Engineer: 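Have a look at this one before I ask anything.
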Amino acid sequence: ITIVMQELLKWNGWGYNDSKFIFNKKGQAEFTGKRYRLGGMVLPTFKEWIEKTFGASLEHKTTSRASLNVNDVPPSIVNEEFLQDLRATKISYSQDAEDRVFRAHGHCLHEIFVLREGMFKRIPDIVVWPVCHEDVVKIVELACKHNLCIIPFGGGTSVSSALECPEEEKRTIVSLDTSQMNRILWIDEKNLTACVEAGIVGQDLEKQLAESGFCTGHEPDSMEFSSLGGWVATRASGMKKNIYGNIEDLVIHIKMVTPRGIVEKNCQVPRMSTGPDIHHFIMGSEGTLGVVTEVTIKIRPLPEYQKYGSVVFPNFERGVACLREVAKQVKKSWMLASLKNTNFSTRRVLMVQCFWQLITKGFLSLQFKGFDPNILCVATLLFEGDREKVLQHEKQVYDIATKFGGLAAGEDNGQRGYMLTFVIAYLRDLGLDYYVIGESFETSVPWDRVLDLCRNVKERIVRECKEKGVQFAPLSTCRVTQTYDAGACVYFYFAFNYRGISDPIHVYEQIERAAREEILANGGSLSHHHGVGKLRKRWMKESISDVGLGMLRSVKEYVDPNNIFGNKNLL
Amino acid sequence: MSKKRDEFEDILEERRLSSDLRYAMKCYTPVIYKGLSPCKPNAIKSAVLQSEQVQYVIKQLAKEMGESPDIIQEEATEILDEMGHSMQLGAVRFFAFTLSKIFKQLFQRVCVNEEGMQRLQHAIQEHPVVLLPSHRSYVDFLMLSYLLYTYDLALPVIAAGIDFLGMKIVGELLRRAGAFFMRRSFGGNRLYWAVFAEYVKTMLRSGYAPIEFFLEGTRSRTAKTLTPKFGLLSIVMEPFFKREVFDTYLVPISISYERILEESLYAYELLGVPKPKESTSGLLKARRILSDSFGTIHIYVGQPVSLRTLASGRINRCPYNLVPRHLPQKPSEDIQEFVSDVAYKMELLQIENMVLSPWVLVAAVLLQNLPAMDFELLIEKTLWLKGLTQTFGGFIEWPDNLCAKKAVMSGLTLHSNIARLVDGHVVLNDKGVEDGAVGEIVFKRALAILMCATYRNQLLNVFVRPSLVAVALQMTRSFRKEEVYSCFSFLRDVFSDEFIFFPGISLKDFEEGCFLLTKCDAIQTSQQEIYPTDKGSVIVSFLSTMFRPFVEGYQLIFRYLSKETKEVFTEKQFIPGVRNFVFQLLEKGNTQCYEALSSDMQKNALAALVQLGAVKKKKMSNGFTYNVNQEAVNKILDMFDARIPVQKPVAARL
């Protein structure tokens with residue numbers, strides 16, 4: 001078997017090896033590679049922006065070690081009896097240091113920092129690559145027999161410390177990599193469902209479905225790398241959720257292998273009333289109960305027509321007010337559409353991105369009369385569906401936007417904004433080279449608290465930075481990425497120049513923790529879709545109450561009494 | 001102990017040198033809150049009326065009363081019109097001019113800590129600000145606005161009592177200078193509460209202007225800090241609890257008067273001669289006081305206190321996250337407790353920075369040495385008390401080069417209506433005592449004593465912790481720490497409405513009292529015991545004598561309640577009843593405790609019994625009624641009596 005993905009990806013940063021931001025010989029920023037439309041583009045104002053925003057300078061550079069130092073890697077401790085049993089199953093495995101380190105982390109800042117400059121204290125002892133459901137069953141049986149710890153691994157894009165191995169775990173840790181379980185098992189065009197193995201990553205799923213004229217429409221920002229099983233395990237959300245729904249709306253059936261056996265339902269139906277939905281024990285279980293092996297997911301015919309758009313608003317407040325209004329009216333048109341039996345007539349994605357004005361000065365041309373460039377904000381739009389309805393809804397949205405002082409800013413800006421979503425994640429690696437560390441985090445919040453929460457969290461970040469001795473003003477900004485009837489999902493971007501601080505990661509973590517406290521105090525959630533992992537565990541009790549936590553614990557106790565799935569997430 | 005405090009500047013000095021008119025017309029461009037969206041007073045009113053909060057209550061009431069919402073909306077509009085300020089620069093300038101004239105006439109100096117003003121200036125730009133001045137006089141809020149104008153700071157909007165509106169022209173003028181008016185009691189009126197709360201919160205949230213109100217609720221007639229009221233404080237704290245603002249600054253401000261404008265009015269009022277209703281003609285009559293001098297005013301603007309910092313780790317956020325923020329919500333118990341803690345904390349900060357004039361010390365000494373005291377001895381003791389006060393952390397403003405004799409003399413000159421020097425002795429100025437009926441003599445004497453007490457009272461909250469330890473030492477006649485502490489704790493409970501104690505920290509207060517007594521060598525303590533030192537008996541006896549009027553006064557009032565009153569009575573019956581009782585004892589010479597005539601003490605004593613559970617307070621349609629449990633009162637009385645032998649109150653020599 002060729003383990004393709006790992007070879008294409010950076011070992012110490014985000015995404016593909018060949019794609020990254022660099023400063024070229026002229027000192028101008030450039031994005032390398034041909035994978036993205038931004039590839040090869042020179043960003044003339046970017047250098048100035050990064051210098052101005054962070055007080056960073058090209059002269060002050062830090063460099064990551066060039067490759068993994070194999071000698072630092074903790075040794076693999078696996079007992080021979082298990083290896084014999086494993087060999088008998090013919091499932092491929094590896095005890096190679098690089099393979100193990102690759103699966104010892106997600107993409108939290110501290111994890112990347114460790115890769116660049118240090119080494120994890122505990123990593124998996126062995127990596128296994130099952131190719132089908134039956135392989136997983138065998139592995140879990142062996143783990144139970146030999147009392148091992150299994151940590152399922154999908155795309156490795158976690159940002160909640162969910163993949164970190166608990167330091168105190170004495171048993172052999174088996175990283176169960178699902179990437180080889182990546183087939184679409186069948187497509188049911190009559191019911192518009194597809195049964196897919198859980199290891200498939202988002203872009204492959206969409207590509208392969210597209211060959212048959214379908215899509216799932218689930219597009220999280222990480223869809224190039226994250227896997228279907230990972231989406232299920234974390235309750236993922238995609239940017240097009242307003243059209244297609246979040247993972248919990250898309251899933252029809254889940255098959256999961258647990259130490260108790262296999263959990264699944266007896267039929268594949270749109271809805272059933274059979275007590276609490278067992279899918280909801282699985283979705284968001286973050287690898288603590290078992291391995292998701294196969295998922296039946298809703299599919300849609302590919303949209304006939306797509307149109308991007310963008311609107312600028314004089315300020316964030318007006319932008320949010322407009323989105324709220326659109327969310328209100330969309331509901332009505334949605335109902336109308338379904339009553340007429342014309343499915344999914346219009347599809348749209350909305351984002352308010354006050355932060356674009358900071359990041360995108362080099363990418364977008366946004367100069368509007370009468371708008372203060374320092375506070376204007378941009379919404380990028382994507383409409384999908386049949387042409388007529390798209391145009392009709394586009395008009396409707398622009399009409400609403402006008403009422404809130406918005407000005408149409410063109411299709412091109414909309415498309416670039418959309419594309420940027422995938423490229424943004426590469427920025428952090430550039431920052432890390434110049435003493436700038438940063439991260440994004442998210443929450444969900446009722447509409448009436450969106451503005452207060454955004455203002456307070458941003459302010460809290462600025463204050464905490466000052467208090468913790470950060471010498472440069474931080475970047476502290478946010479955007480609304482999802483809209484619901486009852487609220488919105490808000491992303492915060494936070495980065496600062498850490499020159500002069502001896503333990504930047506610790507400072508960073510303290511500030512992020514304070515920011516989360518602030519979010520909770522403002523009526524925001526612990527997480528909208530990143531999940532809890534180990535990073536946000538301390539607030540679980542507050543989030544779901546003692547009893548709630550007890551309910552989850554008792555499920556864990558029944559399903560996995562010996563804590564085979566011992567990644568220590570969530571509970 | 002003596003905290004580093006800022007220096008003072010006299011703001012009248014410049015007024016005496018340059019044109020008042022030019023000052024009033026100066027270019028006034030105050031710094032403003034960074035998040036301010038400027039708007040007019042009327043825009044605020046309509047925002048309040050349209051707010052979800054007010055609209056919700058209107059709809060609720062309409063449903064309950066079966067009325068049309070329009071009618072209730074109308075009512076809300078009327079409430080707002082009655083309440084709302086309409087700040088105008090013109091009126092402000094008018095005040096700036098006239099107050100300059102008046103203040104220069106009345107006061108020798110108005111001293112301000114400039115560093116405090118600078119801190120305030122920063123605070124105003126950063127977060128919404130709530131100004132919390134002490135309240136001793138009507139001059140308080142005029143002076144504060146005047147001060148902010150002088151320093152080019154945003155003028156506050158001020159919560160004022162509705163009674164000001166009774167004053168023709170003046171009421172409206174105050175309104176234009178930024179006063180808004182609240183009814184004295186509106187607990188039951190939901191519409192009023194909703195409109196009022198929303199009005200205050202809207203101004204706070206938008207950072208429209210600093211909000212100013214008095215924690216004490218009313219002017220303290222005794223110059224002793226009154227226990228705080230929580231209503232307005234909890235309103236201004238709510239936007240932070242609901243995270244509608246990032247933070248709110250609470251700024252304690254201590255305004256101390258060398259001589260209080262209303263001193264004699266207060267004394268009459270305490271003795272039951274009713275307070276004149278605020279009227280413009282009354283104010284005009286008050287003009288004659290313009291010929292009088294009232295010394296120096298000290299205004300100390302304290303460090304702005306961040307509400308966020310105070311609340312950190314204390315507030316359970318759940319209740320605010322689970323209900324839409326516009327619904328009226330009764331604050332949870334922990335919120336109420338927090339509000340109360342903050343209120344006490346702010347008052348303690350006010351007390352800490354209250355400036356004490358030499359006269360305050362004179363009054364304290366004099367009251368222990370009635371009817372007359374040798375002048376030289378008075379000077380000596382005043383100087384002695386100065387040292388003690390400073391040890392206890394009191395903030396005495398005593399010019400470096402001023403000798404004690406001059407200081408006492410200047411006090412006597414300024415307060416010639418209270419005491420005077422006769423043949424080398426200082427006597428109370430109770431003119432007409434010699435002739436006239438017994439009753440009249442008692443009344444006149446009480447008047448003089450209460451006025452004098454107003455100045456001594458300014459020391460009490462600084463002295464209360466060590467003094468109650470001293471009282472407890474004398475009452476228990478024991479050296480066992482435990483016993484002394486339990487007596488201290490009892491006294492602290494009994495006097496919880498009389499003095500300002502931070503809730504719940506009895507032991508800490510006791511330890512502080514002991515610490516201060518140790519510091520001035522009055523006592524020595526070991527693990528289990530407390531001994532007065534030889535030298536210390538003077539201090540211990542001075543301290544307990546200082547508080548004797550309260551110990552004796554409370555005993556008298558309790559005795560009245562245990563024997564002389566009906567079991568059920570109203571406050572209106574209680575005050576005259578107890579007053580008569582004490583008056584007769586004074587006439588017969590059975591007591592010398594004139595201060596028990598003070599209605600303030602009487603009310604506090606009653607409130608203490610209510611808190612101790614010896615009296616039940618019930619709300620009736622026409623006010624409160626009280627129900628005495630005489631057995632319980634007797635028990636409390638026993639705790640006083642059994643331990644303190646009833647002494648003939650002879651003038652205690654120091």
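Proteins get letters first, then strands, A, B, ... in listed order; numbering begins at 1 in each. Worth knowing before you read on, the calculation uses all heavy atoms, side chains too, and leaves out hydrogens, waters and symmetry mates. All figures in this text were calculated on a predicted structure; none of them were measured in a lab.
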Engineer: Could you look at A:R449 and say if it's the side chain, the backbone, both or neither that has a heavy atom under 4.5 Å from chain B?
Structural biologist: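 For A:R449, heavy atoms of backbone and side chain both lie under 4.5 Å from chain B.
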
Engineer: Quick check: are there more than 12 heavy atoms from other residues, nucleotides or ligands sitting under 6.0 Å from NZ of B:K63?
Structural biologist: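 12 or below, so no.
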
Engineer: How about residues 115-131 of chain B versus chain A: which residues have heavy atoms under 4.5 Å apart?
Structural biologist: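 So far as heavy atoms go, B:E126, B:H127 are the residues that approach chain A to under 4.5 Å.
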
Engineer: Check step by step if ring pair (Phe, Tyr, Trp, His ring centres under 6.0 Å) holds for B:Y199 and B:F180.
Structural biologist: CA-CA 10 Å; B:Y199 184 63; B:F180 62 96; 5.5 Å; yes

Engineer: Below 4.5 Å, heavy atoms only, C-beta onward: do B:E198 and B:R205 meet side chain to side chain?
Structural biologist: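 Sidechains of B:R205 and B:E198: in contact.
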
Engineer: What part of B:R325 gets within 4.5 angstrom of chain A, counting heavy atoms only: side chain, backbone, both, or neither?
Structural biologist: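 Both parts, backbone and side chain.
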
Engineer: Which atoms of A:L520 come close to chain B, meaning under 4.5 Å heavy atom to heavy atom: side chain ones, backbone ones, both, or neither?
Structural biologist: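 Interface part for A:L520: both.
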
Engineer: Just wondering, are more than 12 heavy atoms of other shown residues or ligands nearer than 6.0 Å to CZ in A:F281?
Structural biologist: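 Not more than 12 within 6.0 Å, no.
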
Engineer: Does B:E333, at its CD atom, have more than 12 non-hydrogen atoms belonging to other residues, nucleotides or ligands within less than 6.0 Å?
Structural biologist: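 Counting neighbours around CD of B:E333, 12 or fewer heavy atoms of other residues, nucleotides or ligands fall under 6.0 Å, so no.
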
Engineer: Do A:F441 and A:F492 have ring centroids that are under 6.0 Å from one another?
Structural biologist: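 When the ring centroids of A:F492 and A:F441 are compared, they turn out to be within the sub-6.0 Å range.
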
Engineer: Report which part of A:E517 has an atom under 4.5 Å of a heavy atom belonging to chain B: side chain, backbone, both, or neither.
Structural biologist: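 For A:E517, heavy atoms of backbone and side chain both lie under 4.5 Å from chain B.
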
Engineer: Just checking A:Y498 against A:F496, ring centres under 6.0 Å apart?
Structural biologist: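 No; A:F496 has its ring centre 6.0 Å or more from that of A:Y498.
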
Engineer: When the aromatic ring centroids of A:Y491 and A:H529 are compared, is their separation below 6.0 Å?
Structural biologist: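 Centroid separation for A:Y491 and A:H529: below 6.0 Å.
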
Engineer: So which residues of residues 546-554 of chain A are in contact with chain B at a heavy-atom cut-off of under 4.5 Å?
Structural biologist: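 Within residues 546-554 of chain A, no residue comes under 4.5 Å from chain B.
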
